[in-house]
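Below you'll find the structure, written out as structure tokens, and then a few comments.
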Amino acid sequence: MSTSRRKGRASRQAARSSSAVKAFDQAWRQWKNPYPPIKQFSEDQIEAIHLASLKVLSDTGIKVLSEPARTAYAAAGMTVREDIVHFDPDRLMELIAQAPGKVTMHARGNGRDATIGQGHVSVCTTGGTPNFSDLQTGRRPGTLDALNSFCKLAQRFDVIHIIGPFVEPQDISPALRHLHMTRSVMSLTDKVPFVFFRGTQAVADAYELIRIANGISREAFTERPFSYSIANSNSPLMLDDLMCKGIMDAAQAGQLMVLTPFTLSGAMAPVTIAGALVLQNAEALAGLCLSQIIRPGAPVCYGSFTSNVDMKTGAPAFGTPEYTKAAFASGQLARRYNLPLRSSGVTASNAPDAQAAYEMQMSLWGALMGGTNLLLHGAGWLEGGLTASAEKFVIDVEMLQMFAELFKPLSTSPDDLALDAIASVGHGGHFFGTEHTLARFETAFYSPLLSDWSNFENWSERGSADATQRANAIYLETLDRYEEPQMAPDRLEEMDAFIARRTEEGGADISR
């Protein structure tokens, strides 16, 4: 290859390397999956899992540690014996049928609403990790500064639709943490936020800050969802007090609740995938049912997180074939009930390395091709959820952008069929210089954020940076280019005044 051709190729690669031209694509702001979801089981097998779940719910029941929740279940026609709720299958299915099959969460920013269900897909960042890592300082406990950095990173990429709680800012007391986390998400991004179920006071505080940031009345806030929350059952077959309160609080406020059993096959769930799915399904239906008892038609999402453990050590494993099969099957179960599906992009890797990438890719195929509507932990998850990684976030964004391009429909218009171009080139020619190519060359193909397509010599001349090192450079550049989304000053002032008042009052008691 000539020197001039190498330099030209290198300059094009350098132009592609800037994250500034990769962050935004209006078509990435709302996905719709054009492909039929992969089915793990036959319809008869899914029905067998469904019927087995109902038998578990009616015969074994769910241990419910919240007295108000037990009272609500009893009023709805379920049988309560001490702290065990036994479900009437017909009544249960009547309640589940009241839940909407599609939900739109309304964001502060224009064009940032996120729809889930019926083929619509929304992607969320990772969340809830106690640690943060980047190449500059390594792994360390989460701080508010780390959370802020991730908010700025997530705001920049259109392929991210929803903000997760990223990292726990352990430099802020638990009683006040929810206030500062919510302020960061609402001021540094204009996307749909997350609310932790950490007691009624903390939930109410977060809802109030989100309401203020959106500039709406309390009545308007309860009319449609502006946030989402996760309720995790305590597998096997338990709903604790905080989760029950969260389910009821979200339903009363009209906010999205995602009921997600954390069923690890071989540990908290049967070692067979079918048995683990029976348990997952029973726990999910029990929690979703409570939401509909409190408020018929409350927005909910069927959560799937069934994976397996390493049977040699007991450690959770993610991105496994079993995880993928369970994700496919969970999609079938969610569609059986006409509910949106939540899945996740996860890995057990301890570093943003090849293992992290291939396990994440396996998770994404299971989730997205299984028909998920809400992809949680879509960017940044590392170490089985114990660390949010800056470099892993960028690597994941590359994969997500590729899926977004995969989901874009293709045209077969006369221009796209290219008959004139084919005729003009004829036999044995090439299409580089045709008018058809020149009119489209800048937008014809996906242009990568992270991948380096240069030859070995050019790559070596630029320092031989691997994908993780390039991801770190994009992370730093993205923070440098960050622009805060506009918010009316009076809203921010009202948020700060609310936080100051709640801080003076001692914050929230997160134990109840």
Side-chain angles (χ1 to χ4, degrees), residues 40 46 49-58 60-66 69 73 84-85 87 92 95-96 99 127-128 196-197 228-247 250 256-292 300-309 316-318 320 322-337 339-346 363 366-367 370 372-377 384-385:
Q40 180 61 45
I46 286 295
I49 292 172
H50 162 71
L51 293 174
S53 302
L54 295 184
K55 185 170 179 60
V56 169
L57 287 168
S58 62
T60 307
I62 299 288
K63 188 171 186 176
V64 178
L65 302 184
S66 163
Y73 279 123
I84 306 296
V85 177
F87 292 77
L92 172 69
L95 289 162
I96 294 296
F196 271 123
F197 284 162
Y228 75 104
S229 298
I230 310 296
N232 295 118
S233 53
N234 287 359
S235 304
L237 302 178
M238 285 180 59
L239 285 170
D240 68 29
D241 186 54
L242 280 180
M243 292 298 104
C244 287
K245 286 177 179 176
I247 292 168
L256 178 69
M257 185 277 296
V258 185
L259 198 292
T260 306
F262 186 40
T263 38
L264 286 176
S265 183
M268 296 95 75
V271 73
T272 57
I273 296 301
L277 288 166
V278 168
L279 190 70
Q280 170 191 286
N281 199 50
E283 294 176 5
L285 292 177
L288 294 166
C289 163
L290 177 59
S291 179
Q292 300 308 304
V300 295
C301 183
Y302 181 108
S304 129
F305 209 93
T306 292
S307 191
N308 57 292
V309 297
F318 300 107
T320 63
E322 292 77 19
Y323 181 91
T324 302
K325 290 178 181 179
F328 291 156
S330 296
Q332 292 180 269
L333 289 165
R335 291 187 294 277
R336 166 69 174 74
Y337 309 117
L339 294 172
L341 169 69
R342 166 258 164 106
S343 296
S344 298
V346 286
S363 298
T372 199
N373 307 112
L374 178 59
L375 179 70
L376 297 189
H377 306 300

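Everything quoted here is computed from the prediction, not taken from an experiment.
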query = P340 and A334: which non-hydrogen atoms are nearest, and at how many Å?
reply = O-CB, 4.4 Å
request  = Locate the shortest heavy-atom distance separating A329 from L277; write the atom from each residue and the value.
outcome  = CB-CD1, 3.5 Å
inquiry  = Any heavy-atom pair between the side chains of Y337 and N281 that's under 4.5 Å?
reply    = yes
query = Can you check whether H377 reaches F318 side chain to side chain, under 4.5 Å on heavy atoms?
reply = no
ask   = OG of S330 to CZ of R335: how many Å apart, nearest 0.5 Å?
value = 10.0 Å
query = Nearest 0.5 Å, what's the CD1-SG distance between I247 and C289?
reply = 10.0 Å
query = Do M257 and L288 come close enough that some side-chain heavy atom pair is under 4.5 Å?
reply = yes
key: Polar side-chain atom of T372 near backbone of S343 as donor-acceptor pair, under 3.5 Å   = yes
request  = Output the distance between atom OG1 (T320) and atom CG (N308), rounded to the nearest 0.5 Å.
outcome  = 4.0 Å
message = With a 4.5 Å cut-off on side-chain heavy atoms, are Y73 and I62 touching?
response = no
ask   = Considering only heavy atoms from C-beta outward, does the side chain of S66 approach that of L239 to under 4.5 Å?
value = no
ask   = Is there a donor-acceptor contact under 3.5 Å from the side chain of E283 to the main chain of L237?
value = yes
request  = Report the C-alpha distance between I96 and L339 in whole Å, list the side-chain angles of each, state the deciding distance to 0.1 Å, and finish with yes or no for side chain to side chain contact (heavy atoms under 4.5 Å, CB included).
outcome  = CA-CA 9 Å; I96 294 296; L339 294 172; 4.2 Å; yes
message = Can you confirm whether K245 is buried at NZ, in the sense that more than 12 heavy atoms of other residues, nucleotides or ligands lie under 6.0 Å from that atom?
response = yes
ask   = Do side-chain atoms of Q332 reach the backbone of Q40 as a donor and acceptor pair under 3.5 angstrom?
value = yes
query = Hey, what do you get for OG (S304) to CZ (R342), rounding to the nearest 0.5 Å?
reply = 7.5 Å
query = Considering residues at least two apart in sequence or located in another chain, which fulfil the side-chain hydrogen bond (donor to acceptor under 3.5 Å, both in side chains) criterion with T306?
reply = T263, Q280
key: Straight-line distance of C301 SG to L376 CG, nearest 0.5 Å   = 7.5 Å
query = With distance as the sole test, does S53 use its side chain to make a donor-acceptor pair with the main-chain N or O of V278 at under 3.5 Å?
reply = yes
query = Taking the side chain as C-beta and beyond, is there a heavy-atom pair between Y323 and S344 under 4.5 Å?
reply = yes
Evaluation steps, side chain to side chain contact (heavy atoms under 4.5 Å, CB included), between M243 and F197 = CA-CA 6 Å; M243 292 298 104; F197 284 162; 3.8 Å; yes
request  = Looking only at non-hydrogen atoms, find the nearest pair between M268 and F262 and report the distance.
outcome  = CE-O, 3.3 Å
remark   = d(L341 CG, L375 CG) to nearest 0.5 Å is 10.0 Å
query = Under a 4.5 Å cut-off applied to non-hydrogen side-chain atoms, are L279 and P261 in contact?
reply = no
request  = Quick one: closest heavy-atom pair of A99 and V300, and the distance?
outcome  = CB-CG2, 3.6 Å
request  = Flag the pair V64 / C244 as yes when at least one side-chain heavy-atom distance between them is below 4.5 Å, and no otherwise.
outcome  = yes
inquiry  = With a 3.5 Å distance limit and no angle check, can you tell me whether S229 reaches the backbone of F196 through a side-chain donor-acceptor pair?
reply    = no
query = Can V346 and F305 be said to form a side chain to side chain contact (heavy atoms under 4.5 Å, CB included), step by step?
reply = CA-CA 10 Å; V346 286; F305 209 93; 4.0 Å; yes
task = Would you please test L95 and F87 for side chain to side chain contact (heavy atoms under 4.5 Å, CB included) and show each step?
result = CA-CA 11 Å; L95 289 162; F87 292 77; over 6 Å; no
note = Looking only at heavy atoms, the pair that brings T260 and G303 closest together is OG1-CA, 3.6 Å
ask   = Taking only residues at least two apart or on different chains, which pairs with a member in residues 258-279 satisfy salt bridge (charged side-chain N to carboxylate O under 4.0 Å, His left out)?
value = none
